[in-house]
Amino acid sequence: MDLPPQQDDLLELVIWTTWGLFGIDYLVNLTLARNRSHWFFRNIHELIILVLPVLRPLRLLRLVTLLKVLHRTAGRSLRGPVLTYVLSAAVLVTYVGAVAILDAERGAEGSNINNFGDALWWAAVSITTVGYGDHFPVTLVGRLVAVGLLLGGIALLGVITAAVASWLVEAVSVKVADETEATEASLRREVANLSQQVQRLTDLLDAGMVKHGDHPGR
């Protein structure tokens with residue numbers, strides 16, 4: 001993408017500033033860690049993402065911490081949090097896939113993904129497993145990104161299907177439980193009425209026996 005020199009310099013400054021902030025964040029976390037060697041090896045991916053530019057979009061995965069807030073507002077049922085996680089992951093993976101494919105394909109020989117719009121469109125149709133074929137990767141790195149995105153799309157669709165099936169099963173179960181409860185309540189009322197009628201008949205029989213000078217059990 002050809003940009004005026006001033007915009008190009010501004011974007012370059014933003015990129016280096018952002019990279020510097022990531023580096024400062026990494027060093028601060030390493031310095032504040034109680035066991036630095038343990039923290040270093042446990043978070044080696046942070047260093048790799050910091051060093052390799054193609055992996056820097058993966059730092060967006062830190063946004064998953066925001067899902068805890070969405071989890072609290074999604075309700076107590078399991079289906080709400082699952083759908084929240086899935087939709088958030090789908091948006092995040094689509095964006096990361098678009099950035100990764102654009103970085104791998106832009107400027108490559110025979111490439112047909114040379115701007116962010118095409119990359120985002122390709123990522124969207126790939127993660128939904130539609131695959132129109134109007135845009136496709138031609139580099140090895142791009143194809144590896146495509147494989148990862150397709151596998152992620154299949155997994156996400158599987159989770160969505162399972163969540164919908166769970167909702168249907170739950171709805172049917174609730175309906176059956178309500179009908180069963182209503183039937184049991186009706187039976188309890190019938191049994192209570194019969195018990196009252198039997199008790200009244202017993203009282204009448206006892207009263208008749210007493211009136212004629214007989215006693216129960218005599």
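Everything quoted here is computed from the prediction, not taken from an experiment.
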(request) Determine whether V138 and E109 make a side-chain contact, defined as any pair of heavy atoms from C-beta on separated by less than 4.5 Å. (result) no
(request) Decide yes or no on side chain to side chain contact (heavy atoms under 4.5 Å, CB included) for N112 and D118, but give the supporting numbers first. (result) CA-CA 8 Å; N112 53 82; D118 291 341; over 6 Å; no
(message) Restricting to non-hydrogen atoms, name the atom on W122 and the atom on G97 that form the minimum distance, rounded to 0.1 Å.
(response) CZ3-O, 4.2 Å
(message) Please say yes or no: joined through hydrophobic side-chain contacts below 4.5 Å, possibly via intermediate residues, are V28 and L21 part of one cluster?
(response) no
(message) Using every non-hydrogen atom in the two residues, find where R106 and S111 come nearest and quote the distance to one decimal.
(response) N-OG, 4.5 Å
(request) Check whether V145 and L140 end up in the same hydrophobic cluster, where Ile, Leu, Val, Met, Phe, Trp and Tyr are linked by side-chain heavy atoms less than 4.5 Å apart. (result) no
(request) Starting from the C-alpha separation in whole Å, work towards a yes-or-no answer on side chain to side chain contact (heavy atoms under 4.5 Å, CB included) for Q199 and Q196. (result) CA-CA 5 Å; Q199 185 62 44; Q196 291 176 1; 5.6 Å; no
(message) Let me confirm one number: the CG-CG distance from N114 to L102, rounded to the nearest 0.5 Å.
(response) 8.0 Å
(message) Nearest 0.5 angstrom please: R34 CZ to W39 CH2, how far?
(response) 15.5 Å
(message) Does S37 form a side-chain hydrogen bond (donor to acceptor under 3.5 Å, both in side chains) with N35? I'd like the steps, not just the answer.
(response) CA-CA 6 Å; S37 60; N35 190 336; 2.9 Å; yes
(request) Look at the side-chain heavy atoms of Ile, Leu, Val, Met, Phe, Trp and Tyr, link any pair under 4.5 Å apart, and say whether L27 and F41 land in one connected group. (result) yes
(message) Determine whether a donor-acceptor pair (N or O, by modelled atom type, separation under 3.5 Å) exists between the side chain of S186 and the backbone of T183.
(response) no
(message) So, taking the atom named CZ in R36 and the one named CG in N29, what distance separates them when rounded to the nearest 0.5 Å?
(response) 12.0 Å
(request) Indicate yes or no: at least one non-hydrogen side-chain atom of V99 is less than 4.5 angstrom from one of D103. (result) no
(request) Find out whether I101 and P137 are in side-chain contact, i.e. whether some heavy atom of one side chain is under 4.5 Å from a heavy atom of the other. (result) yes
(request) Measure the spacing between CG of N193 and CZ of R189 and express it to the nearest 0.5 Å. (result) 9.0 Å
(request) For F40 and L47, run side chain to side chain contact (heavy atoms under 4.5 Å, CB included): C-alpha distance rounded to whole Å, both residues' side-chain angles, the deciding distance at 0.1 Å, then the answer. (result) CA-CA 8 Å; F40 175 80; L47 180 60; 3.7 Å; yes
(message) Could you measure the distance from the CG atom of L149 to the CG atom of L144? Nearest 0.5 Å is fine.
(response) 12.5 Å
(message) Rounded to the nearest 0.5 Å, what separates atom CH2 in W121 from atom CD1 in I113?
(response) 12.5 Å
